[in-house]
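Report on the following structure.
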Amino acid sequence: MKVAIVDYGMGNLHSVLKSVQAAQKLADVNAQIVLTDRPEEVFAADKVVFPGQGAMPDCMAALQRSGLGEAVSDGLKNKPFFGICVGAQLLFDHSEEGDTAGLGWFAGDVKRFAANRRDAEGSKLKVPHMGWNTVHQTQAHPLFQDVPQNTRFYFVHSYYFAPADNGIVLGTSEYPNEFACIVGKDNVFATQFHTEKSHDGGLLLLRNFLRWNG
């Protein structure tokens with residue numbers, strides 16, 4: 001099995017690579033894991049991990065410059081696919097960040113958190129949403145095996161998913177209002193939080209991904 005981590009120049013790439021390698025040991029599967037900027041390697045892979053970090057306009061421009069867009073689209077159509085952070089946001093139609101068109105795999109938008117949010121005690125919440133937060137699983141999924149309900153994951157983001165179809169929402173968090181933070185359908189699974197920074201919870205999701213047939 002070959003797993004390609006897509007290197008289009010935007011993402012916490014070496015941390016993602018190390019976390020997938022650590023997850024491979026947990027999964028006890030025979031896999032070649034490559035961090036690659038070569039479209040042919042992504043086409044040849046059995047599974048695809050699509051990270052992203054930074055501003056969505058920059059990420060989309062970098063993806064277009066890299067020539068990897070077609071290989072990423074092939075992965076979305078044909079093989080188990082894991083999107084992380086901005087790599088997950090890119091799967092939607094459009095983002096308010098820079099009025100940016102996405103890949104359009106999922107119908108819906110990526111919207112900015114309002115600046116005037118307050119928590120239950122009335123304290124102002126900062127944007128970006130940064131740090132550990134609880135994730136509530138809203139649907140059963142193979143990637144949730146051994147991941148307890150309300151596990152905490154690590155977030156760094158100012159924008160959030162607003163899917164047109166709530167049927168793709170697999171997990172939610174609150175800041176302070178509920179927002180979708182895991183989406184998926186068929187062979188595609190994507191998280192707003194950083195799996196590679198989420199310790200045991202993130203490793204379990206990646207372990208399960210390496211065992212998953214999509």
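Position 1 is the first residue of the sequence; numbering continues from there.
Summarising the geometry, atom CD1 belonging to I5 is positioned 11.5 Å from atom CD belonging to E41; distances are rounded to the nearest 0.5 Å. The distance from the OG1 atom of T134 to the CD atom of Q149 is 10.0 Å, given to the nearest 0.5 Å. Rounding to the nearest 0.5 Å gives a distance of 11.0 Å between CG of L68 and CZ of R38. Note that the NZ atom of K47 and the CZ atom of F209 stand 6.0 Å from one another [nearest 0.5 Å]. To the nearest 0.5 Å, atom NE2 of residue H141 and atom CH2 of residue W212 are 4.0 Å apart. One finds the OG1 atom of T138 at 8.0 Å from the CD1 atom of I182 (value rounded to the nearest 0.5 Å).
Residues satisfying the side chain to side chain contact (heavy atoms under 4.5 Å, CB included) test with P176, not counting sequence neighbours, are R117, L125. Not counting sequence neighbours, the partners of F92 by the ring-ring contact (aromatic ring centres under 6.0 Å, His included) test are F106, F161. Residues passing the salt bridge (charged side-chain N to carboxylate O under 4.0 Å, His left out) test with K197, sequence neighbours excluded: none.
Ring geometry for F179 versus H157: interplanar angle of 30 to 60°, hence tilted. Under the 30°/60° scheme for interplanar angles, the aromatic rings of F50 and F81 are found to be tilted.
Remark: side-chain polar atoms of D93 are not paired, donor with acceptor, to backbone N or O of D109 under 3.5 angstrom. In terms of modelled atom types and a separation under 3.5 Å, the side chain of Q137 and the main chain of V147 share a donor-acceptor contact. At distances below 3.5 Å, at least one donor-acceptor pair connects side-chain atoms of K79 with backbone N or O atoms of F43. Checked by atom type and distance alone, the side chain of E196 never pairs as donor or acceptor with a backbone atom of S15 at under 3.5 Å. A donor-acceptor pair under 3.5 Å is absent between the side-chain atoms of Q89 and the main chain of A55, judged by distance alone. The backbone N or O of Y8 sits nowhere less than 3.5 Å from a side-chain atom of D37 that would complete a donor-acceptor pair.
Shown here for V72 and V42, the closest heavy-atom pair between the two residues is N-CG1, 4.5 Å. The two atoms that bring E97 and P57 nearest to each other are O-CG, 3.2 Å, heavy atoms only. The two atoms that bring C181 and T172 nearest to each other are SG-C, 3.6 Å, heavy atoms only. In terms of heavy atoms, V16 sits closest to S19 at O-OG, 2.8 Å. Taking all atoms of both residues into account, the shortest heavy-atom contact from H194 to Q53 is CE1-OE1, 3.4 Å. Minimum heavy-atom separation, M1 to V29: CE-CG2, 3.9 Å.
Taking a 6.0 Å sphere around CD of E70, one finds it holds 12 or fewer heavy atoms contributed by other residues, nucleotides or ligands. Atom CG of D200 sits in a sparse spot, with 12 or fewer heavy atoms from other residues, nucleotides or ligands closer than 6.0 Å. Annotation for D28: atom CG does not count as buried by contact number, only 12 or fewer foreign heavy atoms lying within 6.0 Å.
Connection of I33 to L203 is not established within any shared hydrophobic cluster, with ILVMFWY side chains joined at heavy-atom distances below 4.5 Å, either directly or through further cluster members. Cluster annotation: L204 is connected to V49 through the hydrophobic network of ILVMFWY side chains, with a link wherever side-chain heavy atoms come within less than 4.5 Å. Follow the hydrophobic side-chain contacts under 4.5 Å out from L13 and you never reach M10; the two are in separate clusters. Each of Y160 and W105 belongs to its own hydrophobic cluster when Ile, Leu, Val, Met, Phe, Trp and Tyr are linked at side-chain heavy-atom distances under 4.5 angstrom. When the side chains of ILVMFWY residues are joined at heavy-atom separations under 4.5 Å, either directly or via intervening members, I168 and Y159 end up in a single hydrophobic cluster.
V3 has its side chain out of reach of Q24: every pair of non-hydrogen atoms, C-beta onward, lies at least 4.5 Å apart. The closest side-chain heavy-atom distance from C85 to Q192 is below 4.5 Å. Looking only at side-chain heavy atoms (C-beta outward), N187 and K77 stay at 4.5 Å or farther from each other.
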Quiz prompt | Residues K185, V188; criterion side chain to side chain contact (heavy atoms under 4.5 Å, CB included); working and verdict | solution = CA-CA 5 Å; K185 185 178 181 182; V188 178; 5.8 Å; no
Quiz item: When you look at F144 and V135, which way does the side chain to side chain contact (heavy atoms under 4.5 Å, CB included) test go after all the steps?
Solution: CA-CA 11 Å; F144 292 148; V135 171; over 6 Å; no
Practice problem: Applying ring pair (Phe, Tyr, Trp, His ring centres under 6.0 Å), run through F193 and Y154 and close with a yes or a no. | Solution: CA-CA 6 Å; F193 51 81; Y154 192 82; over 10 Å; no
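Of the candidates V183, N208, L143, F189 forms a side chain to side chain contact (heavy atoms under 4.5 Å, CB included) with just one, namely L143.
Contact check on R207 versus D146 returns a salt bridge, with a Lys/Arg side-chain nitrogen under 4.0 Å from an Asp/Glu carboxylate oxygen.
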